[in-house]
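For the single chain, residues carry numbers from 1 onward in sequence order. What you see is a predicted model; the values in this text were computed from it and never measured.
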Amino acid sequence: MQFKNKVVLVTGGSSGLGFAIAEAFASQGATLVITGRRQLQLDDAVSRLGEQASAVCTDISSPADLAGLFSHMHAVHGRIDVLIANAGIGLVEPLGAITEAGFDRVFTTNVKGTTFTVQGALPLMSKGSSIVIIGSTASINPGPGLSAYGATKAALRALVRSWILDIKGSDVRINLLSPGPVNTQSLRDVLGENARQMIDVLSEKSTLGRIGEAREIGQAALFLASDASSYINGVELFVDGGASQI
């Protein structure tokens with residue numbers, strides 16, 4: 001799973017799972033480009049990722065931003081060997097309190113933004129390239145308050161099933177990586193003041209007795225993007241300690 005001389009684009013790569021995934025590719029020698037919406041956060045991430053990393057400030061829900069991103073990739077790198085479509089947002093709104101603004105925002109970013117990220121990247125990808133879309137186990141088990149968020153992740157699964165037929169014969173693979181709960185600050189922020197108690201509950205659901213670590217998601221992304229998985233296409237790989245299998 002070496003990525004020396006490979007151009008890897010990680011959207012939403014400045015923090016959390018996205019940064020952990022970017023770190024994994026940086027450790028394997030990739031020429032790395034990350035995106036995010038906050039320039040200062042991007043600058044900090046690049047300084048930690050090393051000299052082979054750079055950043056383009058991008059909001060994937062903005063068509064103009066995406067056009068600028070792919071223009072940059074073409075001008076500076078000439079190609080994309082690996083796309084990690086990670087950028088997305090969460091939403092906790094239970095039925096009865098779902099807002100139109102929240103619903104539109106999560107679908108615009110997670111579904112529309114990811115769709116046009118993949119579509120924009122494809123012309124820069126050649127045979128043997130790989131796309132890994134970051135989903136979530138919320139696609140099959142969203143839990144209370146996560147219906148809209150879970151629906152966006154289920155939509156990504158449906159999109160991938162169709163996309164692999166749309167590009168059949170291109171030798172570009174598209175797979176979905178769906179983590180369960182992962183020990184990140186964003187998870188703790190969502191869980192709020194009951195974070196420790198809720199993490200204990202989530203850990204009990206895993207057959208390994210714990211939630212995941214961000215580096216483990218990074219290693220799974222390396223696998224799906226690499227030649228080690230060259231005959232794997234269109235799968236949804238759950239990385240959740242077995243919780244989705246029982």
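Remark: the backbone N or O of Gly113 is not paired with any side-chain donor or acceptor of Thr109 at under 3.5 angstrom. Looking only at distances, a side-chain donor or acceptor of Lys153 sits under 3.5 Å from a matching main-chain atom of Ile134. Within the 3.5 Å criterion, the main-chain N or O of Ile89 finds a donor-acceptor partner in the side chain of Asn110. Looking at Thr35, its side chain does come within 3.5 Å of a backbone N or O of Gly12 through a donor-acceptor pair. Put simply, the side chain of Ser62 gets close to the backbone of Asp65: a donor and an acceptor are under 3.5 Å apart. Put simply, the side chain of Arg173 gets close to the backbone of Leu224: a donor and an acceptor are under 3.5 Å apart. Here the side chain of Gln245 pairs no donor or acceptor atom with the backbone of Gly242 at under 3.5 angstrom.
Side-chain contact check for Ile199 versus Pro181: every heavy-atom pair is 4.5 Å or farther apart. Counting heavy atoms from C-beta on, the side chains of Leu122 and Trp163 never come closer than 4.5 Å. At least one side-chain heavy atom of Val172 sits less than 4.5 Å from a side-chain heavy atom of Ile131. Side-chain atoms of Thr58 and Thr11, non-hydrogen and from C-beta on, never get closer than 4.5 Å to each other. Under the 4.5 Å side-chain criterion, counting only non-hydrogen atoms from C-beta, Ile60 is in contact with Leu66. Residues Val111 and Leu159 form a side-chain contact, since some pair of their non-hydrogen atoms from C-beta on lies under 4.5 Å apart. Residues Val7 and Leu124 fail the side-chain proximity criterion, which asks for heavy atoms closer than 4.5 Å. A 4.5 Å side-chain heavy-atom check between Leu49 and Glu23 finds at least one atom pair inside the cut-off.
Atom CG of Leu177 and atom CG of Leu156 lie 12.0 Å apart (nearest 0.5 Å). Separation of atoms OG (Ser61) and CG (Asp104) is listed at 11.5 Å; rounding is to 0.5 Å. Put simply, CD1 on Ile84 and OG1 on Thr117 are 12.5 Å apart, with the number rounded to the nearest 0.5 Å. Here the straight-line distance linking atom OG of Ser147 with atom CG of Leu91 works out to 8.0 Å at 0.5 Å rounding. Atom OG of Ser226 sits about 10.0 Å away from atom CD of Gln2, to the nearest 0.5 Å. Annotation: the span from Gln197 atom CD to Asp200 atom CG amounts to 7.5 Å, rounded to 0.5 Å.
Nearest heavy atoms, Pro142 versus Gly150: CB-CA, 4.1 Å. In terms of heavy atoms, Ser14 sits closest to Leu42 at CB-CD2, 3.7 Å. In terms of heavy-atom proximity, Gly234 sits nearest to Asn175 at N-OD1, 2.8 Å. The two atoms that bring Ser136 and Tyr149 nearest to each other are CB-OH, 3.7 Å, heavy atoms only. The heavy-atom pair separating Ile164 from Ile174 by the smallest distance is CG2-O, 3.8 Å. Here the closest non-hydrogen pair linking Ile211 and Leu187 is CD1-CD2, 4.0 Å.
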Check your understanding: Run the side chain to side chain contact (heavy atoms under 4.5 Å, CB included) check on Leu9 and Leu69 step by step: do they pass?
Key -> CA-CA 10 Å; Leu9 173 61; Leu69 169 64; 4.1 Å; yes
Exercise for review: Show your reasoning for whether side chain to side chain contact (heavy atoms under 4.5 Å, CB included) applies to Gln41 and Asp44.
Suggested key: CA-CA 5 Å; Gln41 197 172 43; Asp44 177 66; 5.8 Å; no
Check your understanding: Yes or no on side chain to side chain contact (heavy atoms under 4.5 Å, CB included) for Phe19 and Ile34, after CA distance, side-chain angles and deciding distance?
Key -> CA-CA 9 Å; Phe19 181 77; Ile34 63 171; 5.6 Å; no
Exercise for review: Evaluate the criterion side chain to side chain contact (heavy atoms under 4.5 Å, CB included) for residue pair Gln52 and Leu32; output intermediate values, then yes/no.
Suggested key: CA-CA 6 Å; Gln52 289 294 99; Leu32 187 64; 5.7 Å; no
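In the displayed structure, Leu95 atom CG is contacted under 6.0 Å by at most 12 heavy atoms of other residues, nucleotides or ligands. The environment of CZ in Arg105 is sparse: at most 12 heavy-atom neighbours from other residues, nucleotides or ligands sit within 6.0 Å.
Neither Phe238 nor Leu17 shares a network with the other; the hydrophobic side chains, linked directly or stepwise wherever heavy atoms of I, L, V, M, F, W or Y lie under 4.5 Å apart, form separate groups for each. Hydrophobic clustering, with ILVMFWY side chains joined whenever heavy atoms are under 4.5 angstrom apart, keeps Val76 apart from Val56. Both Phe25 and Ile232 are part of a single hydrophobic cluster, where members link through side-chain heavy atoms under 4.5 Å apart. Residues Ile217 and Ile140 fall into different hydrophobic clusters, defined by Ile, Leu, Val, Met, Phe, Trp and Tyr side chains chained together at heavy-atom separations under 4.5 Å.
For the 3.5 Å distance criterion, the side chains of Ser129 and Arg79 fail to qualify, holding no donor opposite an acceptor.
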